[in-house]
Structures are given as structure tokens and as C-alpha cells.
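The structure appears right after this line, and notes come after that.
A note on names: the letters A, B, ... follow the listed sequences, proteins ahead of strands, and every chain is numbered from 1.
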Amino acid sequence: MKAPDFSYEKPTSISDVLALLANDELDSQLLAGGQSLMPMMNFRMANPGTLVDISGVSELAGITECTDTIEIGAMVRYCELEQSTIIKTHCPLITLVLPYVAHAAIRNRGTIGGSIGLSDPAAELPAVLLALDGSIEVTSRNGVRLEPASSFFKGVYETACEPDELITKIILPKAHLKQNFGFHEVARRHGDYAMAGVCIAQDSDLSIRVAFFGVADKAIRATNVERLLSGSASFSHDVIKDAQNATSEIEFEGDMNASPEAKQHIANVVLERALKGMK
Amino acid sequence: MTKTAQIAVTVNGEKYVEDVPVRMNLADFLRTKLGLTGTHVGCEHGVCGACTLFLDGVTARSCLILAVQADGAQVTTIEGYETDKNASDLIKNFHNRNALQCGYCTAGMLATSIEYIEQGNPADREKVKEHISGNYCRCTGYQAIVDAICTTIEERQG
């Protein structure tokens with residue numbers, strides 16, 4: 001179908017965006033890359049009064065290397081992440097994951113801020129942020145606040161971002177040399193939304209963060225799995241088995257591709273393959 | 001309240017200034033306003049790849065882009081691939097290998113193939129398959145399309 005009727009605004013500064021968001025009469029919806037929003041509008045699942053196109057806001061562009069962190073503007077597209085030497089050097093997990101995010105034509109348009117702000121349970125980037133313990137800079141007319149990824153994703157298409165707030169930056173810690181990363185996902189077709197996937201980050205002290213996507217109502221850390229894997233320099237058959245048993249802590253949710261039981265099975269498969277790919 | 005907008009867009013080297021309803025997508029704009037019906041609309045939610053074209057030099061799904069978002073942009077459609085993208089050899093190989101039957105996917109398939117070749121990627125069947133995985137073809141079974149892409153790369157390498 002075609003998108004329902006709406007009005008369109010294209011502000012050029014963050015303050016203009018915030019003014020539009022604060023105007024309740026407009027019933028505004030932010031438009032970044034539009035690679036999820038436009039399908040939702042064509043399906044008539046979304047019916048905003050006004051689309052606020054933020055692609056002209058230069059303050060939301062660019063990838064910046066800071067002392068201990070990498071700051072990624074909300075409008076940075078996947079293809080820019082793919083080409084960035086800063087990302088290749090300091091965020092290797094993102095480089096590992098990107099080829100699996102949709103298809104090239106979608107990655108040429110889709111943005112990091114859009115993916116994080118949508119909180120699609122099957123999207124990769126929310127799980128990347130959880131595994132890297134990143135944070136999200138959110139701006140409203142009341143000021144700027146930092147929300148840790150661990151408390152940002154609330155449910156299907158639900159985040160800690162209020163309707164009058166704009167995601168302005170994604171902040172990730174720089175990877176250390178002794179850190180180790182893992183990733184695996186299973187999808188019906190390369191580039192489709194994953195039936196289940198996992199992002200793993202192991203620190204130099206062998207503590208570990210494990211974030212699943214495509215298995216529940218949002219990207220989630222599996223804390224029991226993390227506890228069992230922490231301290232292991234390599235992942236033996238027994239360690240992996242114990243970790244797989246611990247995925248029962250997740251409240252698996254089925255979708256049109258798979259039942260909750262199938263999701264748990266696939267989650268265990270991707271966990272094993274990701275861990276085996278790490279060392 | 002902006003429901004219509006004037007946009008200036010360059011399509012296959014020609015500049016157009018048109019008034020468009022803001023809810024009109026880029027594919028419909030090209031087809032109905034400019035009469036460039038080579039761009040096909042399939043699923044209208046970014047899955048089938050039929051509407052893929054070049055927007056400012058990179059592939060994009062024209063069903064997921066509003067015409068108003070293309071204001072100021074350079075668009076290249078299948079009508080321009082032979083001249084603007086120097087893809088006559090690829091098009092010839094699509095013919096030679098029977099890489100199309102009904103032709104519905106061909107415009108999008110060519111865009112995705114051109115991008116793969118332009119990026120200097122190898123004539124590696126697995127890599128080609130991965131790259132075109134976002135474009136559905138219901139006729140050929142894909143093998144002939146992969147043939148055409150790999151042949152073009154090999155021919156260009158001499």
C-alpha cells in the first residue's frame with residue numbers, strides 16, 4: 001500500500017527539531033533513514049500527523065573519536081559505519097555485525113539512531129550496544145541526558161526516549177586490545193531479520209557481556225549465561241553446554257518464523273557458534 | 001502544514017522541477033510524474049528489491065524514499081544505466097545468459113549488480129549471491145543472474 005496522508009517538515013537544527021516535537025498538535029514522528037518507518041507507514045501500522053525529516057540536521061552527522069569513547073551521530077548511516085576507519089579500529093564488533101544488517105541498499109539509507117530509537121527486537125544494533133555497554137545521548141528542550149543502553153530498550157518499539165526527546169548521539173567505549181568479540185545470527189535469507197542472534201564482548205579481565213536479539217520483546221542481556229562464561233579464557237564443550245542450559249532465563253517469544261521453543265534452540269546454536277568463533 | 005512540496009531532482013542527467021504530494025514515494029514519482037516506468041514497484045516495503053535504483057551514487061529502495069526526500073539529489077534509473085553507468089556489457093550479458101524472463105526484477109537486479117561490480121568485488125559466486133540476496137527473482141532461479149555478473153567482471157578484467 002501507499003503511506004497514509006501526513007505533513008512533512010525538514011528542520012536544519014536540533015533546536016528546530018525539538019520545537020516541532022514539543023508541539024503536540026503536529027503528532028510528529030522523526031524520519032531518519034526511513035527503512036523501517038516507511039514500510040510501517042505503507043502497512044498502515046504507523047500513521048503520524050507530521051514527518052520530521054532530520055536528514056538535514058548537520059549536528060547529527062559524523063563519527064568522532066574521543067579519549068576513551070567513540071561518538072556516533074544519530075544520522076550516521078550503516079554504510080558510513082562500514083566505511084569508517086574509526087569504527088574498524090575502535091568498534092570491531094560493529095564491523096563484524098554490519099554485513100548482516102539487511103541488504104546493501106538498505107544500509108545505504110538506514111541510520112544508527114533510527115535502529116536504536118525503533119528498538120525492533122530482531123535488529124542487531126540494540127544488542128551491539130548492550131554487549132558494548134554503550135550509552136545513548138538524548139536531547140530535549142529540558143537539556144541533554146545520557147541513558148545507558150542497559151536501561152534504554154523497554155520492549156517492542158519501546159525505549160526510554162520520551163516523545164519530546166531526540167536521540168542525538170550513540171556513545172561507545174573504545175575497544176581494548178585484549179578485548180574479544182563474538183557474533184552470530186541465523187536468518188532465513190542473508191540480510192533478513194534474524195530468527196535469533198547474539199553479540200558477545202569479553203573484557204581483558206575475562207568478564208563477559210552476552211546480548212541476544214530476535215528472541216524476546218527486545219534485545220536483552222543474558223546475565224546467567226554471562227556469569228557462567230565469565231572467567232573462561234577459552235570455551236570448552238562443558239562451559240558452552242552450561243551456558244546453553246542457562247538461556248532458559250530468557251522469556252522466549254515466538255514470531256511468524258519460529259515458536260518460543262525453536263527460538264531457544266536457535267539461540268543456543270548461535271551462542272555456541274559465536275563462542276567458538278571467538279578463540 | 002506541508003502536504004505538497006516543490007522538488008528539484010536530476011534524473012539520468014536531466015533536471016526536473018516538480019510539485020509533488022509529500023506522501024508520494026520516489027518510485028511513483030518517477031513512474032507517474034516523469035513517465036520513467038522502467039523502475040518497478042513490487043512489495044512496497046523494501047523486501048523484494050524491484051524498485052532499487054541509484055540515489056546520489058549509491059543503491060536505494062525507491063519505495064522507501066519519499067520523492068520530497070530526493071529534493072536536490074541525483075537519481076539514476078534503468079533508463080540511464082547504459083549511458084550513465086556504462087553498463088551495456090552487463091546488460092548484454094543479462095541477455096546472453098537469459099538472466100531475466102518476465103523482467104520485473106531486472107531494473108533492481110541491474111542496480112544491485114552494477115553496485116557490486118563498481119565496488120571492485122570479485123567474480124566469486126558466493127559473494128555475488130550474498131550481495132544480490134536483497135533482490136527477489138521468481139523466474140530465473142538466480143544462477144543465470146550470477147553467471148551474467150561474474151562474466152561481466154571477468155570480461156572487464158580481460
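L66(B) contributes atom CG, which lies 4.5 Å from atom CZ of F6(A) (distance to the nearest 0.5 angstrom). Atom CG of N42(A) sits about 9.5 Å away from atom CZ of R23(B), to the nearest 0.5 Å. Here CZ of R109(A) is found 11.0 Å from OG1 of T59(B). Values are rounded to the nearest 0.5 Å. Here the straight-line distance linking atom CD of Q35(A) with atom CZ of R61(B) works out to 8.0 Å at 0.5 Å rounding. In this structure, CD in E115(B) is found 5.0 Å from CG in N108(A), a value given to the nearest 0.5 Å. Taking CD of Q69(B) as the start and CG of D53(A) as the end, the distance is 5.0 Å to the nearest 0.5 Å.
Neither the backbone nor the side chain of I132(B) comes within less than 4.5 Å of any heavy atom in chain A. Interface remark: C43(B) contributes no atoms to any contact with chain A (heavy atom separation under 4.5 Å).
Across S36(A), G191(A), P4(A), the residue that shares the most heavy-atom pairs under 4.5 angstrom with chain B is P4(A). Looking only at heavy-atom pairs under 4.5 Å with chain B, the residue among L51(A), D192(A), L37(A), I106(A) that has the most is I106(A).
Within residues 74-105 of chain A, the residues having any heavy atom closer than 4.5 Å to a heavy atom of chain B are H103(A), A104(A), A105(A), listed by residue number.
A side chain to side chain contact (heavy atoms under 4.5 Å, CB included) with H190(A) holds for exactly one of E130(B), H131(B), K129(B); it is E130(B).
Applying the 6.0 Å contact sphere to CD of E25(A) captures no more than 12 heavy atoms from other residues, nucleotides or ligands. Atom NE2 of H45(B) sits in a crowded spot, with more than 12 heavy atoms from other residues, nucleotides or ligands closer than 6.0 Å.
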Item to check | side-chain contact (heavy atoms from CB on, under 4.5 Å) between M38(A) and I65(B), worked out | outcome: CA-CA 8 Å; M38(A) 290 316 300; I65(B) 294 163; over 6 Å; no
Item to check | Full working for salt bridge (charged side-chain N to carboxylate O under 4.0 Å, His left out) between D71(B) and K10(A) | outcome: CA-CA 11 Å; D71(B) 183 30; K10(A) 192 174 180 184; over 6 Å; no
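What you find for K2(A) and D28(B) is that their closest heavy atoms are NZ-OD2, 2.8 Å.
Looking at S7(A) and V22(B), their side chains never come closer than 4.5 Å, going by heavy atoms from C-beta outward.
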